[in-house]
Participant: 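Here it is, the structure in full.
All heavy atoms count here, side chains included; hydrogens, waters and symmetry mates do not.
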Amino acid sequence: MIIELQNIIKSFKNGTLGNTRQVLNDISLTINSGESMAIIGPSGSGKSTLLNILGTLDSPTSGNIIFKGIELNKMNEKALAGIRNQHIGFVFQLHYLLPQLNLIENVLIPVIPEKDKGKRKAAHVRAMDLLQHVGLADKTHQLPGKLSVGECQRAAVVRALINNPEIILADEPTGSLDHDSASLLGEMLIDINRTFAVSIVVVTHSLELANTMNKVYKLYNGKLLTETTNQ
């Protein structure tokens, strides 16, 4: 088991009306090593909120988050930041590559805090291998502005993998792509899941992408419902 959510509730205060709105209602979920899953649901259903809680970018109103046997609720922000950097990779709808840095520099951004020169060198080798794996080996010194949106998004996936995380959390990763680029990225995520045994959780509106994952859940009225299990 990598991450376990136990009875997660998330509510937001409405500043104007003074009341609260419950977005997530008693959600429990276990994510195992090497697993892939998709979470679908209508806009505003709380899919991104749930993903942010999984990635420790947000905290629940109540409930427990267990990461590899450790209760995250008891950790301070510095410790949580370390877990995010070393164990969790993030992919968002927009690639968020820095325009002034070339591809290899963008991919290596998560390694900047690392002071060990040997580890930094190993990360560079890993970056080159990963870029080769996703078909970007000939683009390493190009700026994002010279690349297609699909190529930038593939580079963002490599950046998420650079610290060899146990899990990747992807929030609408194909949302800004055309159909062909979206299909290619979906295939790449499944390939990474199988090749590197990295768990993947994808929040998406795309049923095509969702159905490539092992499990599909639907978030509706604050509840997480099992839709399908794909083998």
Participant: Would you mind reporting whether Leu24 and Leu219 have side-chain heavy atoms less than 4.5 Å apart?
Facilitator: yes
Participant: What distance separates Lys68 NZ from Glu4 CD, expressed to the nearest 0.5 Å?
Facilitator: 15.0 Å
Participant: Side chain of Lys47, backbone of Pro42: donor and acceptor closer than 3.5 Å?
Facilitator: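 Yes.
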Participant: Looking at Ala127 and Leu108, what are the two nearest heavy atoms and their distance?
Facilitator: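 Minimum heavy-atom separation between Ala127 and Leu108: CB-CD2, 4.0 Å.
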Participant: Spell out, yes or no, whether Leu169 and Tyr96 are grouped together once hydrophobic residues are joined by side-chain heavy atoms under 4.5 Å, including indirect joins.
Facilitator: yes
Participant: Is there a side-chain contact between Asn221 and Asn25 in this structure, where contact means two heavy atoms from C-beta onward sitting under 4.5 Å apart?
Facilitator: no
Participant: Evaluate the side-chain proximity of Pro165 to Gln86: yes if any heavy-atom separation is below 4.5 Å, no if none is.
Facilitator: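 They are not in contact (no side-chain heavy atoms under 4.5 Å apart), so the answer is no.
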Participant: NE2/His179 to CG/Leu184 distance, rounded to the nearest 0.5 angstrom?
Facilitator: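 Answer rounded to 0.5 Å: 11.5 Å.
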Participant: Does the plane of the ring in Phe92 sit parallel, tilted or perpendicular to the ring in Phe90? Use 30° and 60° as the thresholds.
Facilitator: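 Plane angle under 30°, so parallel.
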Participant: Treating Ile, Leu, Val, Met, Phe, Trp and Tyr as nodes and any side-chain heavy-atom pair under 4.5 angstrom as an edge, say whether Leu5 and Phe12 lie in one connected cluster.
Facilitator: yes
Participant: Run the side chain to side chain contact (heavy atoms under 4.5 Å, CB included) test on Ile40 and Thr204 for me, step by step, so that the C-alpha distance in whole Å, both residues' side-chain angles and the decisive distance to 0.1 Å come before the verdict.
Facilitator: CA-CA 6 Å; Ile40 61 174; Thr204 183; 4.2 Å; yes
Participant: Give the minimum heavy-atom separation between Ala160 and Val91, together with the two atoms involved.
Facilitator: CB-CG2, 3.8 Å
Participant: To check you understand the geometry: which heavy-atom pair defines the closest contact between Leu98 and Pro144, and what is its length?
Facilitator: O-CG, 3.6 Å
Participant: Taking atom OG of Ser36 and atom CD1 of Ile192, what is their separation to the nearest 0.5 Å?
Facilitator: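 The distance works out to 12.5 Å.
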Participant: Flag yes if Ile70 and Ile53 sit in one hydrophobic cluster, no otherwise; membership is Ile, Leu, Val, Met, Phe, Trp, Tyr, and two members link when side-chain heavy atoms are under 4.5 Å apart.
Facilitator: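 Yes; Ile53 is reachable from Ile70 via cluster members.
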Participant: Determine whether a donor-acceptor pair (N or O, by modelled atom type, separation under 3.5 Å) exists between the side chain of Gln142 and the backbone of Lys139.
Facilitator: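 Checking the backbone N and O of Lys139 against the side chain of Gln142, no donor-acceptor pair under 3.5 Å is found.
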Participant: Just by modelled atom types, is the Gly222 backbone N or O under 3.5 Å from a matching donor or acceptor in the Gln22 side chain?
Facilitator: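 No, the answer is negative, given that no donor and acceptor are paired below the 3.5 Å cut-off.
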Participant: How far does CD of Glu151 sit from CG of Leu177, to the nearest 0.5 angstrom?
Facilitator: 11.5 Å
Participant: Taking Thr226 for its side chain and Tyr217 for its backbone only, find out whether a donor-acceptor pair lies under 3.5 Å.
Facilitator: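 No, Thr226 side chain to Tyr217 backbone: no donor-acceptor pair under 3.5 Å.
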Participant: Does a sphere of radius 6.0 Å around CZ in Phe196 hold more than 12 heavy atoms from other residues, nucleotides or ligands, not counting ones at 6.0 Å or beyond?
Facilitator: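 More than 12 within 6.0 Å, yes.
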Participant: Apply the test side chain to side chain contact (heavy atoms under 4.5 Å, CB included) to residues Ser199 and Asn193: give CA-CA distance (whole Å), side-chain angles for both, the deciding distance (0.1 Å), then the verdict.
Facilitator: CA-CA 6 Å; Ser199 299; Asn193 167 249; 5.5 Å; no
Participant: Any side-chain heavy atom of Ile104 sitting closer than 4.5 Å to one from His124?
Facilitator: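 The answer is yes, as the side chains (C-beta and beyond) meet within the 4.5 Å cut-off.
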Participant: Looking only at the side chains, is there a donor atom on one of Gln153 and Ser181 sitting less than 3.5 Å from an acceptor on the other?
Facilitator: no
Participant: Indicate yes or no for a side-chain donor-acceptor contact from Arg120 to the backbone of Ile112 under 3.5 Å, with no hydrogens or angles considered.
Facilitator: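 Such a contact is found between Arg120 side chain and Ile112 backbone.
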Participant: With sequence neighbours left out, what residues match Arg84 under salt bridge (charged side-chain N to carboxylate O under 4.0 Å, His left out)?
Facilitator: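 Arg84: salt bridge (charged side-chain N to carboxylate O under 4.0 Å, His left out) contacts with Glu77.
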Participant: Between Asn85 and Ala81 (side chain of the first, backbone of the second, donor and acceptor by atom type, cut-off under 3.5 Å), is there such a pair?
Facilitator: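 Side chain of Asn85 to backbone of Ala81: no pair is present.
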Participant: Do Ile200 and Met37 make a side-chain contact, defined as non-hydrogen atoms from C-beta onward lying under 4.5 Å apart?
Facilitator: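 When only atoms from C-beta onward are counted, Met37 and Ile200 do not touch, as no gap falls below 4.5 Å.
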Participant: Below 4.5 Å, heavy atoms only, C-beta onward: do Ile27 and Ile9 meet side chain to side chain?
Facilitator: no
Participant: To the closest 0.5 Å, what do you measure between CD1 (Ile39) and NZ (Lys215)?
Facilitator: 11.5 Å
Participant: Without hydrogens or angle criteria, can the side chains of Asp191 and His133 be said to hold a donor-acceptor pair below 3.5 Å?
Facilitator: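 Yes - a donor-acceptor pair under 3.5 Å links their side chains.
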Participant: Heavy atoms only: give me the nearest Thr30-Asn32 pair and the separation to one decimal.
Facilitator: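 The answer is CG2-OD1, 3.7 Å.
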Participant: Between Lys223 and Asp26, is a side chain to side chain contact (heavy atoms under 4.5 Å, CB included) present by the stated rule, with each step listed?
Facilitator: CA-CA 7 Å; Lys223 294 288 189 178; Asp26 196 29; 4.0 Å; yes
Participant: Is the backbone N or O of Asp116 less than 3.5 Å from a side-chain atom of Glu114, with the two atoms forming a donor-acceptor pair by type?
Facilitator: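 The answer is yes, because a donor-acceptor pair under 3.5 Å joins these two groups.
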Participant: Any chain of hydrophobic side-chain contacts (each under 4.5 Å) joining Ile66 to Ile31?
Facilitator: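 No, no single cluster joins them.
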Participant: List the steps, then state whether side chain to side chain contact (heavy atoms under 4.5 Å, CB included) holds for Leu224 with Leu29.
Facilitator: CA-CA 9 Å; Leu224 196 62; Leu29 176 68; 4.1 Å; yes
Participant: For the residue pair Leu72 and Met75, establish whether any side-chain heavy-atom pair is separated by less than 4.5 Å.
Facilitator: yes
Participant: Hydrogens and angles aside, do Glu105 and His141 bring a side-chain donor and acceptor to less than 3.5 Å of each other?
Facilitator: no
Participant: Return the minimal non-hydrogen interatomic distance between Leu94 and Ser176, and the atom names on each side.
Facilitator: CD2-CB, 4.4 Å
Participant: Let me see the working for His87 and Asn163 under side chain to side chain donor-acceptor pair (under 3.5 Å), right down to the final yes or no.
Facilitator: CA-CA 7 Å; His87 301 281; Asn163 278 331; over 6 Å; no
Participant: With the 4.5 Å side-chain cut-off for hydrophobic clustering, are Ile65 and Leu54 part of the same group?
Facilitator: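 Same hydrophobic cluster.
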Participant: For the pair Asn106 (side chain) and Leu101 (backbone), establish whether a donor and an acceptor sit closer than 3.5 Å, ignoring hydrogens and angles.
Facilitator: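 Yes, Asn106 side chain to Leu101 backbone: donor-acceptor pair under 3.5 Å.
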Participant: What are the two closest heavy atoms between Arg126 and Leu161, and how far apart are they?
Facilitator: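 So the minimum-distance heavy-atom pair works out to NH2-O, 2.8 Å.
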Participant: Closer than 3.5 angstrom, by distance alone: can the side chain of Ser206 be matched with the main-chain N or O of Leu209 as a donor-acceptor pair?
Facilitator: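 Side chain of Ser206 to backbone of Leu209, a donor-acceptor pair under 3.5 Å: yes, one is there.
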Participant: Is any side-chain heavy atom of Val157 closer than 4.5 Å to a side-chain heavy atom of Val134?
Facilitator: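 Side chain of Val157 against side chain of Val134, heavy atoms only: no contact under 4.5 Å found.
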Participant: Just how far is it from atom OG1 of Thr212 to atom CG of Leu189, taken to the nearest 0.5 Å?
Facilitator: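 These two atoms lie 7.5 Å from each other.
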Participant: Who pairs with Asp58 by salt bridge (charged side-chain N to carboxylate O under 4.0 Å, His left out), at least two apart in sequence or on another chain?
Facilitator: Lys10
Participant: Is it true that a side-chain atom of Thr140 and a backbone atom of Leu103 form a donor plus acceptor pair closer than 3.5 Å?
Facilitator: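 No: the side chain of Thr140 does not pair with the backbone of Leu103.
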